[in-house]
Amino acid sequence: MDQVKDTSVQDLTTQNTLALKSCAHDYHEFTDRDALSTYLYTLSSELPLLVLGGGSNLILPEVVTTPVIKLGFDQLEFAEEGDAVIVRAGAAIEWDKLVAEAVARGYAGIENLSLIPGSVGAAPVQNIGAYGVELVDVLLSIEAYDRKEKQYVTLTPDQCDFAYRDSIFKQKVGRYIITEVVLELSTQLDLKLHYGELKALLNDPAKAGARNNELSLQAVRDHVIKVRRAKLPDPDTIPNVGSFFKNPIVPESVYKSLKEQYPKLVAYPQENKEFKLAAGWLIDQAGWKGRVMGNAAVHDRQALVLVNKGKATQQDILALASAIQDDIQRIYGIALEIEPVSPL
Ligand code: EPU
């Protein structure tokens, strides 16, 4: 099928999980690779454009002035090759539907990434991660249209420059339009349960939801879902984009001096003697948890999440974010970086 929709004005209010009132004036939907490349070929590669996935990492303005494209690619294939399972998933598939399907088929590797909102195509952009697993751990390759080279390309993980919540897709915004993600899962049960809240599964499987004390992919998925639901607001009832700030990574010297001042500081050692600080802890200790500013607020169970109280605009959300950033800089000398993107 060709391009299916090409309208001048499209309401995006229900297409972003912060539920910000927003519309696009130049909106295009594609379900066909050729139609997508024909459209992109004629556009200057320098022209900013917004690819709309699940809308779970966006702070939209009232009017998006750049072209907006929405992809309908929803192919999903699993192929067993020995113990490995090669998964080819179209960009439009909801990430958690892919996780549910993999778990139901007994394929291991992404069960810790259960219930993360957003689409498969958006997952590599910020290298989604949770409970000790990141997308890059299972990624084989990415199919994308390269607007600079004006052709479809296959990118290996090395070419994507993955880091914590970072990738080439964030650094070179707009260059690549991801159409398909290829993962390698496993038929072998190789559970990753070292992250704090998952250790409960090892210590007391039955209490943590495993059936007959048996750990399974489904038990891990169920537990992750339970933990996430306990802290993170459901965007359908309380609009939000998950973690609003990245956890800052600081040199050992900064960590040590903060730890002296704040013995309860939560931090995780990284490679190169760096430390990742729990931004939620910093914001919480600074007294922001549950605070309301106009139409925006800090979630009352996870200080790293900002929520729309109902009528917030992009400015309301960014004003609250900026007040928090100022405070964290003043108190701890730490610069917090906003994770979701604010398109033009
Ligand atoms: N904490 C507080 N107060 C708060 C929030 C957190 O004291 O209000 C403390 C917690 O007690 C804990 C520490 O801070 O000791 C870390 O909190 P948590 O385990 O909830 O994880 P996080 O670092 O806040 C990150 C990811 C989440 C991911 C979880 C689990 C980022 C920016 N966020 O959050 O990702 O689910 O770890 O792996 O890295 C997302 O990106 O939207 C997201 C939810």
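We count ligands from 1, going down the list as the structure has it; atoms in each ligand are counted the same way.
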For this session: Please name all residues satisfying ring-ring contact (aromatic ring centres under 6.0 Å, His included) with Y268, sequence neighbours left out, ordered by chain then number.
Result: none
Less than 3.5 Å apart, which donor and acceptor atoms pair up between the side chains of residues 117-128 and the rest of the protein, not counting sequence neighbours?
| unit_1 | atom_1 | unit_2 | atom_2 | d |
| --- | --- | --- | --- | --- |
| S119 | OG | A122 | N | 3.4 |
| N127 | OD1 | L135 | N | 3.4 |
| N127 | OD1 | V136 | N | 3.1 |
| N127 | ND2 | E134 | OE1 | 3.1 |
| N127 | ND2 | A163 | O | 2.9 |

For this session: Answer with yes or no after comparing the ring centroid distance for Y39 and F30 against a 6.0 Å cut-off, counting only values under it.
Result: yes
Problem set entry | Residue shell around ligand 1, heavy atom under 4.0 angstrom | A130, Y131, Y164, R165, Y195, E197, R228, K231, L232, G242, S243, F245, N247, V266, Y268, A278, G280, W281, D284, K289, Q302, A303, L304, E339
For this session: Assess whether atom CZ of R301 is packed by more than 12 heavy atoms of other residues, nucleotides or ligands within 6.0 Å.
Result: yes
Exercise. Excluding sequence neighbours, so at least two apart, what forms ring-ring contact (aromatic ring centres under 6.0 Å, His included) with F162?
Worked result: none
Exercise. Is NZ or CZ of K276 both nearer than 6.0 Å to the six-membered ring centre of Y164 and within 45° of the ring axis?
Worked result: yes
